[in-house]
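Quick note on labels: first sequence line is chain A, next is B, and so on, each numbered from 1.
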Number of protein chains: 2
Amino acid sequence: MATGRTHRPATRSRGIPEATVARLPLYLRALTALSERSVPTVSSEELAAAAGVNSAKLRKDFSYLGSYGTRGVGYDVEYLVYQISRELGLTQDWPVVIVGIGNLGAALANYGGFASRGFRVAALIDADPAMAGRPVAGMPVQHTDDLERIIQADRVSIGVIATPAGAAQQVCDRLVAAGVTSILNFAPTVLSVPDGVDVRKVDLSIELQILAFHEQRKAGEEPGGVGAARTADAAPAAGSGAAAQAAAPPAPHAAEDTLRKGPDGDMPAVMPA
Amino acid sequence: MATGRTHRPATRSRGIPEATVARLPLYLRALTALSERSVPTVSSEELAAAAGVNSAKLRKDFSYLGSYGTRGVGYDVEYLVYQISRELGLTQDWPVVIVGIGNLGAALANYGGFASRGFRVAALIDADPAMAGRPVAGMPVQHTDDLERIIQADRVSIGVIATPAGAAQQVCDRLVAAGVTSILNFAPTVLSVPDGVDVRKVDLSIELQILAFHEQRKAGEEPGGVGAARTADAAPAAGSGAAAQAAAPPAPHAAEDTLRKGPDGDMPAVMPA
DNA sequence: CGTTGTGAACTCTTTCACAGCC
DNA sequence: GGCTGTGAAAGAGTTCACAACG
C-alpha cells in the first residue's frame, strides 16, 4: 500500500481527461512551429497531422478546453498557443532542480526544450563533492547538502531525479520534505511518495523492451527466435505435454507434469534444440 | 495521413493488451530484484507493491500470459522472470544503434539498463566528423556515412535517435531504409515512418509539462498563479464579460465580444493585474 | 486456510458521424 | 462549401468480487 503512485488516481483534475492533458504538449509544439512560420490559422486536420494524431481526437481534446475554433475556418494559431500554454500552466515560471549530474543529468541541463517552455533550471545538484562548483550548462553544480536550502530559497516545486537507482528514493524523500510536489524520475525505481505528490517516470530501458516485444512479433523467423512459426490463434489451448521449454530455466514448483495453459505457450511448432 | 504513427493502431499484437505489455518490464524489474535477493516465491500483492501497481491489475496482466501462479502460494520468481523475458523477447540478443552522440546519446550509451536486458549497443553514430573515432562508453563513435553498412552488417533492427530535432526525420529515413523496424525517438519531432515500423517517443519536456499542469491545479494560491482561487466547478459556465484575459495575447479573430465558453475560463475570481 | 484466475461491472478513451455554424 | 463541436457508439483498460483450487 505504501507504494508510489504515479498518476493521480481517479480525479481527472478539473474535468480535462488525463489522456487529453498528455497530448496538449504535442499540440503546443506543433502550434509553436506553425507560429514561427507565421501561419495564422490551421484546421483540425492539418494540426492533427502535424501532431501525429487524428483530427477527431484533436477536436474532442480541444472541446474540453472550450470552443476555441471557428467553423468553416479552423483555429487561430496564436490564440490556441496561448490557451494551451495557460491550460498547462506554462504562462508562469517553473523553477526546476535537477538532482544527479551524470551523463543524463547533464543532458537534461543542456536540453533547450525546458527553457523554451516555462521551465527554468534553478539548480543542478550532485552528491559527488568533486562535481561541486564545476560548471555544467553554464551553471555551477551544487552539493546535495544544500538541497533543502535551494528548494526553499527558490520555491522550487518540481524536481528531476537523474541519480542512480539506489539513491533515488532518498533524494525523493528529501525533495518532498523540502517542499517539492512534482517529481520527474529517470531512475529505474518505483518511488513512494505521500499523497499530493505527483511522480512521473521515464525509463529508457522500458521503452526499448516494449519495442523488443513488438519486434519479436514482426520477425516471425529470425535466428534463434523462440516463438518462430506462430500459428495465429489456431489451437484452443496447447494440448499435449506442455512443460517442454527449450533450454528452460527453473521449473516451477509443480514440476514437469503441470499443464501450463499459456495462450499459445511454450512450445514452438518446430523446436530448435 | 503521412504522419508518424506511434503505437500500433488496433492490432493488440497476439492477444496481449498494449497496456499489459507496457507493464511487463516493470514486473520484470521487480522480479529481478527479488531474484537477486533469492526470494523463491512472491504473491501478487507483494509483487504488485514492488512494481507500483495494484494486485488485481497484476493478476489480470499475468492471466494474459498464462496460468503461471499457484493458488494459495503465489508465483515462482525465477519461473516468472523467464516467462516474462521470453514474452518480451529478451531471451534473444537485440543489437541497437544509437544515432546522435551528444549529451543524451552519451548518457544512453553509458546506461547500464540496456546491457542487463537483452540489448547490446552495436554502434554509436554521429554526424560530426570531429566525433569520429572518439571513444564514448568504451566504444569508438562512427560517422553517419557508415550508417547503412553498420545496420546491415550487424542486422540491427532497433535504432535510437538522439539527434537534434532537425536531423531526426532524415536519420529515421536512413535507418528504416537500411532495415531498422523499431525506433526509439528522443528528438522532439513527430517522425513519419512506413507501415510496419514502430516508433516510440520519449520527450523530456512533455513530461515536465504534464507535471506543470497538475502542479498548477494543486497550487491554488501560488504567486502569480493565473487560476488562483478556483471554485471547484461551481459556476455553470463563466458568466459575464469573458474576454478579460490578463495581459493576454492576440485576441482571436472574433474579438472582445465573443464569449469563450471555456469550462471555467479565463477569469480568475480575483485578478492580479 | 490463502491466493490465484477471471467473468462481470465500470470507467476511461477513441472513433463515428452529423448537426450547427461561419 | 468547409470545418468545428459534440452526442452517441464502440472499444480498451481497470477494478470488483468471488469461485476455484492448491
* To do: Could you tell me the separation between the CD1 atom of Ile16(B) and the C1' atom of dG13(D), rounded to a whole number of Å?
  => 15 Å
* Asked: Checking Arg29(B) against Tyr27(B): charged group under 6.0 Å from the ring centre and within 45 degrees of the axis?
  -> no
* Asked: Which whole-number value in Å describes the distance from Leu80(A) CG to dT4(D) P?
  -> 10 Å
* Asked: Ion pair present between Glu87(A) and Arg217(B), side-chain N to carboxylate O less than 4.0 angstrom?
  -> yes
* Note, Leu184(A) side chain near Val96(A) side chain (heavy atom, < 4.5 Å) -> no
* To do: May I have the distance from Leu65(B) (atom CG) to dT6(C) (atom C1'), rounded to whole angstrom?
  => 14 Å
* Asked: Given dG13(D), dT14(C), dC3(D), which nucleotide is nearest the side-chain atoms of Tyr64(A)?
  -> dT14(C)
* **Gap between atoms CG and P, on Leu58(A) and dT4(D) respectively (whole Å)** => 8 Å
* **Ring centroid separation Tyr68(B) to Tyr79(B) under 6.0 Å** => yes
* Asked: With sequence neighbours excluded, what pairs up with Arg117(A) under the salt bridge (Lys or Arg N to Asp or Glu O under 4.0 Å) test?
  -> none
* Under 4.5 Å between any side-chain heavy atoms of Asp198(B) and Lys218(A), yes or no? -> yes
* Structure fact -> For nucleotides 15-22 of chain D, 5' to 3', base contacts (B), sugar-phosphate-only contacts (S) and non-contacts (-) with protein non-hydrogen atoms under 4.0 Å give B-B-BBBS
